[in-house]
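Note that the structure is a prediction, hence the values are computed from the model and not measured. Labels below follow one simple rule: chain letters A, B, ... track the order of the sequence lines, proteins then strands, and each chain is numbered from 1.
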2 protein chains.
Amino acid sequence: MTDINKDKVDIFAVAKRAKVSISTVSRSFNHPNLVNLATRKKIDTAVRKLGYIRNRAAQTMHGIRSGTIGLVVPTIDHAIFAEVIQAFSDSVDEHGFTILIASHGYDLEREYAVLRKFLEHRVDGVALIGEDHSEETYDLIERQDIHAISLWNYNEDSRLSCVGSDNKLAGNLAAQHLIDLGHLKIGLVFPPTVDNDRARDRRNGAQSVLTKGRAQVYPQWDIESTYSIADAKDAALRILKTEHRPSAILCGNDVLAMGVLYAARSCNLNIPEDLSIIGIGDFKGSNEVEPGLTTIRLPAREIGRQAGEYLSLSIIGKSVGRRRVSCNIELIIRGTCKPNS
Amino acid sequence: MTDINKDKVDIFAVAKRAKVSISTVSRSFNHPNLVNLATRKKIDTAVRKLGYIRNRAAQTMHGIRSGTIGLVVPTIDHAIFAEVIQAFSDSVDEHGFTILIASHGYDLEREYAVLRKFLEHRVDGVALIGEDHSEETYDLIERQDIHAISLWNYNEDSRLSCVGSDNKLAGNLAAQHLIDLGHLKIGLVFPPTVDNDRARDRRNGAQSVLTKGRAQVYPQWDIESTYSIADAKDAALRILKTEHRPSAILCGNDVLAMGVLYAARSCNLNIPEDLSIIGIGDFKGSNEVEPGLTTIRLPAREIGRQAGEYLSLSIIGKSVGRRRVSCNIELIIRGTCKPNS
DNA sequence: CTAATTTATGAAAACATTTGCAATACTATT
DNA sequence: AATAGTATTGCAAATGTTTTCATAAATTAG
């Protein structure tokens, strides 16, 4: 077999084998134009024979970028975050970055801990979801002066650069659609809003329009459900089984809306004849359910892509300063809402 | 404010401020029992005041583990991989590892490139999905002698350690269930099987049972669909619209089954009266759809968790050698299949 | 044919740590 | 009080690179 020098395949081994100095080897990687083609070839074959792989840790020590970006999400296992993560990852990948990822399960203390860990790894930048973070977290980011960006929510007063959509507006639009259709008895299914600005904004946005529109939201129609179809279905069953039920239900996101839809079906209610349902998000599958889910589309992939792009450029130095990008949202009318009769 | 020495908060700065040598500072982190409590406290306050964060890159250069594990997946944006990733991440996190993640979009060349990149970052271990990898990839893993594990598929002859389920058996079980119910005209909706051993195994598993059971699978009922509800729905519509349609459809995974379910609904077919549907996976929501999806449960979280645990231990040195873990699968009977009349 | 460039290479310092070894100070034992 | 041990600390070498500076060789110009 090729003689792999089992012990220590470092730049010295390569240099020795190629009969040049380590400086030349290093140069042939970093500034190939400064080294003679012939020697470069010698080095190349040595690298190949030895199976040498550069050590980024050693490079990082020279102030050279680590080539990593830390991404902290509440949870990976969400239809919606998965989509953002994918787009973000693809986008930074194009600039040569690799992502370190960790989830904190909606626990801001853990988020802080994760961020610290990332900084130990000397990530070149970090991306967080939303704007609810502990003061310690914001402090750390500012003190360490690290490139940072907040994804998913847009806020013109954001403390960090942000790329996202206006979740309050999303709530507004959803509620307005129901009001426009003449619904006045409206149920609400939302996830917990503590430490979750996105959900909070949507909820507030919806509430304010409903109040203005003189809609009724009886407390027993106002239900909290974790992000899970199963939970939402259970929650919805509680609303729907009361004899006095709303004519429409507004959901904090499409997964919850799916749960409500299934709950309705299991109660033998026809959608949208007996109940209108509107979601927020426009997740995969929302278009395909029968009937198609009426919802507010949030451009997840677009947000991930733009955030990755901006953060990369900002690290590379081609873009500077804070920036706030608002990604458009829109009402997608499908089959789960109809005018109230 | 606290005086953060903007330029260079390294171990020297801490040492200086705490009036000790850098060795002592280093020791107080790595072997706290070797340093006096009083000095440890001095160091601690210095660290706090300066906002010092250790540099793992520098540590890594001493043969100390980097504390990272590379996870290479075909795509992050899949209900099922998201779940595995989450469980894997949580599991390795408990041992202090952080994951580097990248997707290759079912392109094995890219997978190899990603693996190389991970090795440059000196990950302590890598996890790959399935067993279809390029020879180069396997080669690299063996040559670099890095801790590696393959997730998701179980195979007693696997080249790497593996934690997963027997996908062939999953196919067997699904097909057998349909045969047991008396179905003989069966449609198939599967994802592309090139470079995807999981899908291939399921398909082969299903086929062999169907053949043995003398079921008919006309070519026009044997459809390929990418992993997407939308695609699967379209594909299914093509099968269902022919006058001569199967009495049951077996799907390569639950997402595809969902698509088929919606397609059936949009054709006004009653499930399971007019058509039986069986999936593989038991994803989130499969239980909640109406009717609940009959499927083969693959324990995604369990696989992720066990893989993370095993890989961590193997890196830490508490476990050695190849190991193959088979996670149980089971038929989950819900509402989408009924005996053929 | 010599001087002035340009091209190609190597030596050594720098990067931020860890750790083996040696030195010092303190405590317990006889 | 002297000896042996133990606890605590510092010095300096080592880790795997990159990069500055210096030097040597090759090329071009005059």
S158(A) side chain vs S161(A) backbone, donor-acceptor pair below 3.5 Å: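 No; judged by distance alone, with no hydrogens or angles, the pair does not exist.
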Please report the distance, rounded to the nearest Å, between [atom1] in [X] and [atom2] in [N].
{"X": "F29(A)", "N": "dT19(D)", "atom1": "CZ", "atom2": "P", "result": "14 Å"}
{"X": "I64(B)", "N": "dT15(D)", "atom1": "CD1", "atom2": "P", "result": "13 Å"}
{"X": "L119(A)", "N": "dA16(C)", "atom1": "CG", "atom2": "P", "result": "16 Å"}
{"X": "I22(B)", "N": "dT18(C)", "atom1": "CD1", "atom2": "P", "result": "9 Å"}
{"X": "N55(B)", "N": "dT18(C)", "atom1": "CG", "atom2": "P", "result": "9 Å"}
{"X": "H121(A)", "N": "dT17(C)", "atom1": "NE2", "atom2": "C1'", "result": "15 Å"}
{"X": "K19(A)", "N": "dT9(C)", "atom1": "NZ", "atom2": "P", "result": "15 Å"}
{"X": "M61(A)", "N": "dC15(C)", "atom1": "CE", "atom2": "C1'", "result": "4 Å"}

Student check: side-chain heavy atoms of L115(B) and V126(B) closer than 4.5 Å: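 Yes. Closest side-chain heavy atoms under 4.5 Å.
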Side chains of R27(B) and T24(B) in contact at under 4.5 Å (non-hydrogen atoms):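 A side-chain contact exists here, since the closest heavy-atom pair is under 4.5 Å.
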State whether [X] places a side-chain N or O below 4.0 Å from either non-bridging phosphate oxygen (OP1 or OP2) of [N].
{"X": "Q59(A)", "N": "dT17(D)", "result": "no"}
{"X": "R122(B)", "N": "dG16(D)", "result": "no"}
{"X": "S21(B)", "N": "dT9(D)", "result": "no"}

SB check [X] [Y] (cutoff 4.0 Å):
{"X": "R324(B)", "Y": "D157(B)", "result": "no"}
{"X": "E135(B)", "Y": "R159(B)", "result": "yes"}
{"X": "D93(B)", "Y": "R110(A)", "result": "yes"}

Within 45° cone of F88(A) ring axis and under 6.0 Å: R305(A) NZ or CZ: no
Within residues 30-44 of chain A, residues whose heavy atoms come under 4.0 Å of DNA chain D: N30(A), H31(A)
Estimated bend of the helix from dC1(C)-dG30(D) to dT30(C)-dA1(D) (axis per five terminal pairs, rounded to 10 degrees): 40°
Residues in side chain to side chain donor-acceptor pair (under 3.5 Å) contact with N36(B), at least two apart in sequence or another chain: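 Once residues adjacent in sequence are excluded, N36(B) has no partner under the side chain to side chain donor-acceptor pair (under 3.5 Å) criterion.
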Greater than 12 external heavy atoms within 6.0 Å of R301(A)'s CZ: yes
Donor-acceptor pair under 3.5 Å, H62(B) side chain vs dG16(D) base: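 Per atom types, no contact qualifies.
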Pull out every protein N or O sitting under 3.5 Å from an N or O of nucleotides 20-27 of chain C, one pair per line with the distance.
none

Inter- and intrachain pairs under ring pair (Phe, Tyr, Trp, His ring centres under 6.0 Å), touching residues 59-80 of chain B, at least two apart: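 As it turns out, the ring pair (Phe, Tyr, Trp, His ring centres under 6.0 Å) pairs with a partner in residues 59-80 of chain B, which skip direct neighbours, are H78(B)-F81(B), H78(B)-Y227(B).
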Pairs where residues 97-135 of chain A contributes a residue and the test ring pair (Phe, Tyr, Trp, His ring centres under 6.0 Å) is met, not counting sequence neighbours: H133(A)-Y138(A)
Nearest heavy-atom neighbours spanning L108(A) and T137(A):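 What the structure gives for the nearest pair is O-OG1, 4.4 Å.
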